[in-house]
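These notes concern the structure reproduced below.
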Amino acid sequence: MGYENAKAAFAEWGVDTEAALARLKTIPISMHCWQGDDVVGFEQKTGSSGGGIQATGNHPGRARTPDELRADLEFAYAMIPGRHRLNLHAMYLDTEATPDRDEIEIAHFAPWVDWARAQGIGLDFNPTFFAHAKADDNLTLSHPDPGIRDFWIEHGKRSREIAAGMGAALGSACVNNIWVPDGYKDTPVDRMAARARLEASLDAMLAPPQDRARMLDAVESKLFGIGVEACTVGSHEFYMGYAIRKGTLLCLDMGHFHPTENIADKLSAVALSLDEILLHVSRPMRWDSDHVILLDDDILQMAQELVSADLLGRTRIGLDFFDATISRTAAWVIGTRNMQKALLRALLMPLDRLRAAEDALDFTTRLVVTEEVKDLPFGAVWAEFAAREDVPNGQKLIRELDRYQAQVSGRG
Ligand SMILES: C[C@H](O)[C@H](O)[C@@H](O)C(=O)CO
Ligand SMILES: [Mn+2]
């Protein structure tokens, strides 16, 4: 079906496709750098990610240098409609120098800032509290050794300064998201002490004031990770309370909760107590497996909540998945476009009608409208968006993804 017919079909339900497309165009997705190189980074070191996170697979084409990663990102952005952001981790510095984590400065990221400016995109940032000898105990900010805690506090402070520098340079507030792997494999006897240490370390890290126009602090909870099955110090309750008390963003990662929990349901609940939210959109399979996101019910419900609860204006949408068994550039493109498709579907819902039915306790109408609109021509509206934004769709997209993958497959 062509776009004009689709527009008319939606209009019959009282839905304005032009308004939906105009809104979709303004929603940036923060694409995570770490899908491009399997969470390896560019420090002078070898070894695995640690911290209970691990990319699996050996598909050819992993980006080995910042230049390769930037080339891959440029290709991916060209396949995604709209203008988006890049979410960088501290271990992706681009410099001849070899600073330890407690020595990093904005200068070590200058090529990224220059590149982002040239691309017209904003940057987000993350301190890296894993893949380092001082994180080998799976304890960082909550480590009993004050020397180790101080090392990581300094890393965190410097990361905030770098984020503020990026935000100032690019004229767009940079979200600095704090995730620490801290936890215990077996049942600890003093959870309180570990959590008190984490809180004190976070307080020290966040003490230097930063301009919210330049950078925003976020904290990310987790249920468990490999090697920290018994207790994660930074649990949901810990960070929920912390974010409310300290006025930071709360990061909800879709892989960081029990599989039966519905993350979409949490948005309105936490939004009543928080100014802003950060999302790590991911696809957990049995655990925090970080599969590439599909256009599935979980993502559709998440997008619908963002729209129906009017949370788009105070939610930063970030992605967090990494799959090394498939083309890494295709993973970015498929996942980011799926997030956008979910948002488009949410923006095309006859929400007024659904709300009226719900308010009248007419759950039959709510159900039948929900199901009938699934037959509407969403694909034609998406195709129009892709065409207007001059990005390929369907078979043409597949050919482009294949062509680029063939180009990078020879990397050693
Ligand atoms: C690399 C990221 O910081 C990491 O994936 C984190 O956000 C996370 O979700 C850990 O499980
Ligand atoms: Mn995450």
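Start at 1 and go down the list; that is how both ligands and their atoms are numbered.
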What does the contact table look like for ligand 1 (nitrogen or oxygen on each side, cut-off under 3.5 Å)?
residue	atom	partner	partner atom	Å
ligand 1	3 (O)	H89	NE2	2.7
ligand 1	5 (O)	D320	OD1	3.1
ligand 1	5 (O)	D320	OD2	2.8
ligand 1	7 (O)	E220	OE1	2.8
ligand 1	7 (O)	E220	OE2	3.0
ligand 1	7 (O)	H280	ND1	3.3
ligand 1	7 (O)	D320	OD2	3.0
ligand 1	9 (O)	E220	OE2	2.9
ligand 1	9 (O)	D253	OD2	2.9
ligand 1	9 (O)	H256	NE2	2.9
ligand 1	9 (O)	D320	OD2	2.8
ligand 1	11 (O)	K222	NZ	2.7
ligand 1	11 (O)	H256	NE2	2.9
ligand 1	11 (O)	D288	OD2	3.1

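D217 has a carboxylate O that lies under 4.0 Å from a charged side-chain N of R160, or vice versa, which qualifies the two as a salt bridge. Look at R399 and D402 and you find no salt bridge, because none of the NZ, NE, NH1 or NH2 atoms lies under 4.0 Å from a carboxylate O. Remark: K374 engages E371 in a salt bridge, criterion side-chain N to carboxylate O under 4.0 Å.
For the side chain to side chain donor-acceptor pair (under 3.5 Å) criterion with R328, the lone passing option out of D37, D72, D38 is D38.
Side chain to side chain, D320 and W34 meet the donor-acceptor criterion of an N or O pair below 3.5 Å.
When atom types are taken as modelled, the side chain of N338 and the backbone of I293 share a donor-acceptor pair closer than 3.5 angstrom.
Counting only distances under 2.8 Å, and ignoring water, the protein N, O or S atoms around the Mn ion (ligand 2) are E220 OE2, D253 OD2, H280 ND1, D320 OD2.
Here the two rings, on W332 and Y77, have centers that are 6.0 Å apart or farther.
Atoms CG and CD, on L250 and E220 in that order, are 9.5 Å from each other to the nearest 0.5 Å.
For the pair A243 and V219, the tightest heavy-atom approach, listed with the atom from each and the gap, is CB-CG2, 4.1 Å.
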